[in-house]
Amino acid sequence: MSDPENEKSRKNSGLNFIESIIEEDLFNNKNQGRVHLRFPPEPNGYLHIGHAKSICLNFGLAKTYDGLCNLRFDDTNPEKEEVEYVDSIMEDISWLGFEWHDKPYYASDYFEQLYDWAVQLIKNGKAYVDEQAQEKISEQRGVPTRPGTESPFRNRPPEESLGLFARMRDGEFENGTMVLRAKVDMASPNMHMRDPIMYRILHQHHHRTADKWCIYPMYDWAHGQSDFIEGITHSVCTLEFELHRPLYDWFLDQLADERYRPQQIEFARLNLSYTVMSKRKLLELVREAYVNGWDDPRMPTISGLRRRGYTPLSIRNFADRIGVAKRNNVIDVGLLEFSVREHLNQIAPRVFAVLDPVKVIITNFPEGEVEQMELVNNPEDPDAGSRRVPFSREIYIERDDFMEDPPKKFFRMGPGREVRLKGAYIVKCEDFEKDENGRLTEIHCSYDPTSKSGGTGASRKVKGTLHWVSVQHAIDAEVRLYDRLFSDEDPNGHNDKDFKDFINPESLKTLTNCKLEPSLKSAVPEDKFQFQRLGYFCVDKDSTPTQLVINRTVPLRDPWAKKSKR
RNA sequence: UGUCCGAUGGUGUAAUGGUAGCACUGCAGAUUUUGGUUCUGCCGGUCAAGGUUCGAACCCUUGUCGGACAACCA
């Protein structure tokens with residue numbers, strides 16, 4: 001874990017409900033006082049901010065209770081899973097700043113053990129092979145309000161099931177012709193207890209076990225037993241598995257005794273406003289090219305946030321702040337933005353960048369002269385030092401920083417108005433030029449030579465301070481401005497519409513004529529800056545040695561923009 | 001008309017029978033060579049009704065509302 005000093009001090013208030021459970025268990029010396037968690041992703045997609053909540057929870061719990069946390073790939077469905085995803089998941093967890101215990105674990109490593117246990121269940125009359133068609137089984141399962149009916153194969157002799165199960169494994173049967181079912185209770189009000197399927201036949205290559213298996217265990221059978229094998233004490237998952245818990249416990253009843261037994265605990269998943277969070281929907285955005293890949297900076301994926309310029313600490317702080325509970329929640333995406341700003345404010349060097357440049361000529365400044373202005377790199381960090389920024393007769397300022405007919409509260413440049421060029425001189429607008437379309441092309445100013453930063457005339461009050469870049473020293477860049485991907489707070493919340501109907505057409509604006517101060521020349525991908533007065537930005541991996549490409553992570557808070565919009 | 005889970009300011013989350021607090025947001029002000037940061041203040045909440053109790057957000061009852069469950073997905 002990097003930079004623990006910056007980490008928010010843990011728990012100045014009460015415990016969350018999972019911490020309460022763990023402390024209670026510790027007090028009772030349950031499981032010999034061990035605390036062992038696990039993060040169990042299915043490698044069928046990229047990790048997103050919702051997973052980050054779970055990662056921070058599980059690894060964080062292990063850390064605070066001096067326990068362990070495994071990374072376990074829940075790879076029991078070869079139809080959807082790929083090594084590409086395994087790799088990205090490991091990269092993302094490491095990047096977030098967590099280390100898994102020992103090595104990456106895989107549910108697929110337990111296939112043999114799971115098979116043996118399944119055989120044991122059959123022998124004990126707790127499981128049977130069902131030869132009915134899928135539709136038949138589904139029909140017999142009934143509905144939540146009505147009990148199901150038993151399969152005609154339910155009470156076949158264990159020897160018969162044993163033989164069939166072995167032949168299933170040997171590949172004698174086609175996909176979908178047979179399943180192994182647990183014999184629980186077809187009349188249970190809990191659908192998951194109505195003789196759930198433990199194994200299905202799937203003649204499918206697996207990314208780790210290759211073609212060794214043609215039967216694969218279902219989630220309910222694989223997951224709890226994997227926890228059991230790994231010695232997991234607290235199996236933390238999301239709310240939708242609540243109804244699975246009786247089955248989780250039922251399977252464990254067949255194998256475990258009171259000396260050690262993992263416990264499933266469910267918490268409410270993260271929902272973010274203006275965002276979709278399901279892997280299926282994110283996949284859809286990628287496949288249908290609404291975004292440019294899983295790591296598109298507009299994606300709520302960890303890799304997208306990384307490319308956007310988020311830091312691991314900012315995400316961890318976010319996870320701390322949102323808390324953990326069982327009620328459904330929607331977190332304002334603004335809280336995530338607050339968390340990056342908070343961290344970037346501490347660490348990001350300030351630089352000058354003009355995104356929409358307009359030329360200013362300082363008419364009384366000597367032609368050909370260049371002054372090196374000393375600028376502080378980060379007022380929040382005295383150790384960040386300072387740098388020299390060249391100033392000359394022609395500079396760029398932001399088009400937005402000039403108004404021909406400004407309102408009284410506009411503290412920037414306008415005809416006859418004085419503004420300070422940050423770190424340089426106070427200038428006064430004497431004149432401006434426009435083209436035939438009325439578009440501003442050039443501003444003429446005079447400067448006060450005594451007003452140089454630090455000089456005698458510099459202390460006088462001037463309403464506005466602008467950033468600037470010297471024309472002859474400027475480097476060009478492409479800057480990508482991102483906005484939320486969806487224009488609706490809850491893109492999933494409309495029964496009559498698809499979430500993609502709410503994609504924000506302005507979620508990406510590309511600016512190609514941006515001017516940066518020369519110190520940015522050596523910047524490399526993932527370098528982060530505050531473009532003074534604009535926001536936090538980072539260098540994108542699309543940059544080339546001759547062309548910088550820069551992403552806007554998040555704009556600065558801007559009360560003026562908010563006010564002037566009204 | 002089943003089972004399970006949940007309900008505290010706009011959004012989250014604490015208080016575990018004893019002053020409803022914190023964060024984000026919003027609003028107002030101070031500081032500021034970033035309309036940033038920082039600082040100060042303000043607005044704003046226990047789903048409802050009964051019950052237990054000296055005392056209830058917390059315990060009990062009933063109701064209301066919301067969510068989850070009917071893949072050979074996880």
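We name chains A, B, ... by the order of the sequence lines, and we start the count at 1 in each one.
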Item to complete: Is it possible for you to check whether R169(A) lies under 6.0 Å from the centre of the six-membered ring of Y115(A), through NZ or CZ, and within 45° of that ring's axis?
Response: yes
When we call it a touch if two heavy atoms are under 4.0 Å apart, what does [X] touch: a base, just sugar-phosphate, or nothing?
X       : answer
L335(A) : sugar-phosphate
P379(A) : base
K409(A) : base
R341(A) : nothing

Fill in: First encountered from the 5' end of RNA chain B, between F531(A) and I201(A)
F531(A)
Response to the item:
When Q532(A) and F338(A) are each assigned the nearest nucleotide of RNA chain B, the 5'-most assignment goes to F338(A)
Run the ring-centre check on [X] versus [Y] and record whether the distance is less than 6.0 Å.
X       : Y       : value
Y425(A) : F391(A) : yes
F241(A) : Y248(A) : no
F251(A) : F228(A) : no

Item to complete: Mind calculating the distance between NE2 (H343(A)) and C1' (U37(B)) to the nearest angstrom?
Response: 15 Å
Item to complete: Provide, to the nearest angstrom, the distance between the CD atom belonging to E23(A) and the P atom belonging to U16(B).
Response: 14 Å
Worksheet item: Ion pair present between R208(A) and E81(A), side-chain N to carboxylate O less than 4.0 angstrom?
Response: no
Fill in: R533(A) bridged to D400(A) by N-O distance under 4.0 Å
no
Hey, is the side chain of [X] poking within less than 4.0 Å of OP1 or OP2 on [N], counting only N and O atoms?
X       : N      : result
R557(A) : U37(B) : yes
R327(A) : U13(B) : yes
R269(A) : C5(B)  : no
R200(A) : C73(B) : yes

Item to complete: Evaluate the ring planes of H467(A) and F352(A), with Trp represented by its six-membered ring, and classify them as parallel (under 30°), tilted (30 to 60°) or perpendicular (over 60°).
Response: tilted
Write out a two-atom table: protein N or O, nucleotide N or O from nucleotides 30-33 of chain B, distance below 3.5 Å.
{"unit_1": "U33(B)", "atom_1": "O4'", "unit_2": "R420(A)", "atom_2": "NE", "d": "3.4"}
{"unit_1": "U33(B)", "atom_1": "O2'", "unit_2": "K422(A)", "atom_2": "NZ", "d": "3.1"}
{"unit_1": "U33(B)", "atom_1": "O2", "unit_2": "G423(A)", "atom_2": "N", "d": "3.1"}
{"unit_1": "U33(B)", "atom_1": "N3", "unit_2": "S453(A)", "atom_2": "OG", "d": "2.7"}
{"unit_1": "U33(B)", "atom_1": "O4", "unit_2": "S453(A)", "atom_2": "OG", "d": "2.5"}

Worksheet item: Any luck finding a side-chain donor-acceptor pair between Q264(A) and E266(A) under 3.5 Å?
Response: yes
Tabulated below should be each protein N or O lying under 3.5 Å from an N or O of nucleotides 65-71 of chain B; please produce it.
{"unit_1": "G67(B)", "atom_1": "O2'", "unit_2": "N328(A)", "atom_2": "ND2", "d": "3.4"}
{"unit_1": "C69(B)", "atom_1": "O2'", "unit_2": "H192(A)", "atom_2": "NE2", "d": "3.3"}

